[in-house]
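Every chain is numbered from 1, with letters handed out A, B, ... down the list of sequences. Just so it is clear, the values below take in all heavy atoms, side chains as well, and ignore hydrogens, waters and symmetry mates.
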Amino acid sequence: QVQLVESGGGVVQPGRSLRLSCAASGFTFSSYAVHWVRQAPGKGLEWVSVISYDGSNKYYADSVKGRFTISRDNSKNTLYLQMSSLRVEDTAIYYCARDKWFDPWGQGTLVTVSS
Amino acid sequence: QAVVTQEPSLTVSPGGTVTLTCGSSTGTVTSGHSPYWFQQKPGQAPRTLIYDTNNKHSWTPARFSGSLLEGKAALTLSGAQPEDEAEYYCLLSYRGASWVFGGGTKLTVL
């Protein structure tokens with residue numbers, strides 16, 4: 001079935017880096033743009049970034065611009081989010097979601113930034 | 001970056017009707033913003049209910065409908081059920097280069 005599965009979350013110190021992955025299956029990954037969305041504990045949803053189907057266009061929320069980099073490897077059906085200069089306020093569950101109909105969503109991976 | 005506003009909380013009686021709205025700080029919300037509506041229950045990932053203003057997924061109950069109403073995107077629930085109690089988020093696209101979620105509406109069915 002159509003599915004996205006995030007991985008790579010964990011506990012990291014402020015200022016350090018972390019890379020998240022989102023593995024796609026059940027659809028032609030290379031045909032769709034894909035988003036990252038995050039949700040801080042007890043808070044609402046925040047759009048983070050989107051990448052076009054071929055990786056040629058990338059857009060970011062102001063809160064992560066210059067610190068996060070979205071990328072994809074269509075040969076591996078995988079989306080990435082390279083997060084650097086992490087801050088305590090980046091603590092959240094990170095979801096990936098396909099652009100078409102904004103569906104499906106993955107189950108999310110928790111990133112905790114703490115000293 | 002634009003700010004998208006939703007009612008923080010609403011209450012509806014079982015079987016009743018309620019409308020949630022989604023406004024933009026940049027002005028009138030149009031179909032060009034591709035309004036989305038999501039439902040999220042505690043401990044679960046969000047689930048898309050409505051895309052592109054008024055289109056439903058196969059799993060979207062018929063009692064939910066999307067529209068544009070007085071310059072905002074709107075989600076109307078007609079015939080509320082206890083299982084509809086959840087947080088609802090709207091999402092607007094700004095020329096495909098910026099996407100902004102509303103702060104969410106906590107819907108209580110009581």
*chain A heavy atoms under 4.5 Å from B:L91: which part of the residue, side chain, backbone, both or neither?*
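It is the side chain, since no backbone atom gets that close.
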_Region of B:E87 in contact with chain A, defined by heavy-atom distances below 4.5 Å_ =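 Neither part, no heavy atoms under 4.5 Å.
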Using non-hydrogen atoms and a 4.5 Å limit, figure out which bit of [X] sits close to chain B: side chain, backbone, both or neither.
X: A:V37; value: side chain
X: A:D99; value: both
X: A:K43; value: backbone
X: A:W105; value: side chain
X: A:A61; value: both

*How about A:L110: does its CG atom have over 12 heavy atoms from other parts shown lying under 6.0 Å from it?*
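Atom CG in A:L110 is packed in, count exceeds 12.
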*asked:* So for atom NZ, which belongs to A:K76, do other residues, nucleotides or ligands contribute more than 12 heavy atoms lying within a distance under 6.0 Å?
replied: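 Result for NZ/A:K76: open.
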*Hey, does the side chain of B:T48 reach the backbone of A:F102 with a donor-acceptor pair shorter than 3.5 angstrom?*
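Yes: the side chain of B:T48 pairs with the backbone of A:F102.
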*Hey, can you tell me if A:H35 and A:W47 have their rings parallel, tilted or perpendicular (30° and 60° cut-offs)?*
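Perpendicular, since the angle between the ring planes exceeds 60°.
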*Please work out which of the three classes, parallel, tilted or perpendicular, describes the rings of B:F101 and B:Y89, given edges at 30° and 60°.*
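Perpendicular.
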*asked:* Quick check for you: among B:S98, B:A45, B:G104, which has the greatest number of heavy-atom pairs under 4.5 Å with chain A?
replied: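 Of the candidates given, the most pairs with chain A belong to B:A45.
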*How far apart are the C-alpha atoms of A:R38 and A:D90, what are their side-chain angles, what is the distance that settles it, and do they pass the salt bridge (Lys or Arg N to Asp or Glu O under 4.0 Å) test?*
CA-CA 9 Å; A:R38 68 184 181 182; A:D90 294 319; 2.9 Å; yes
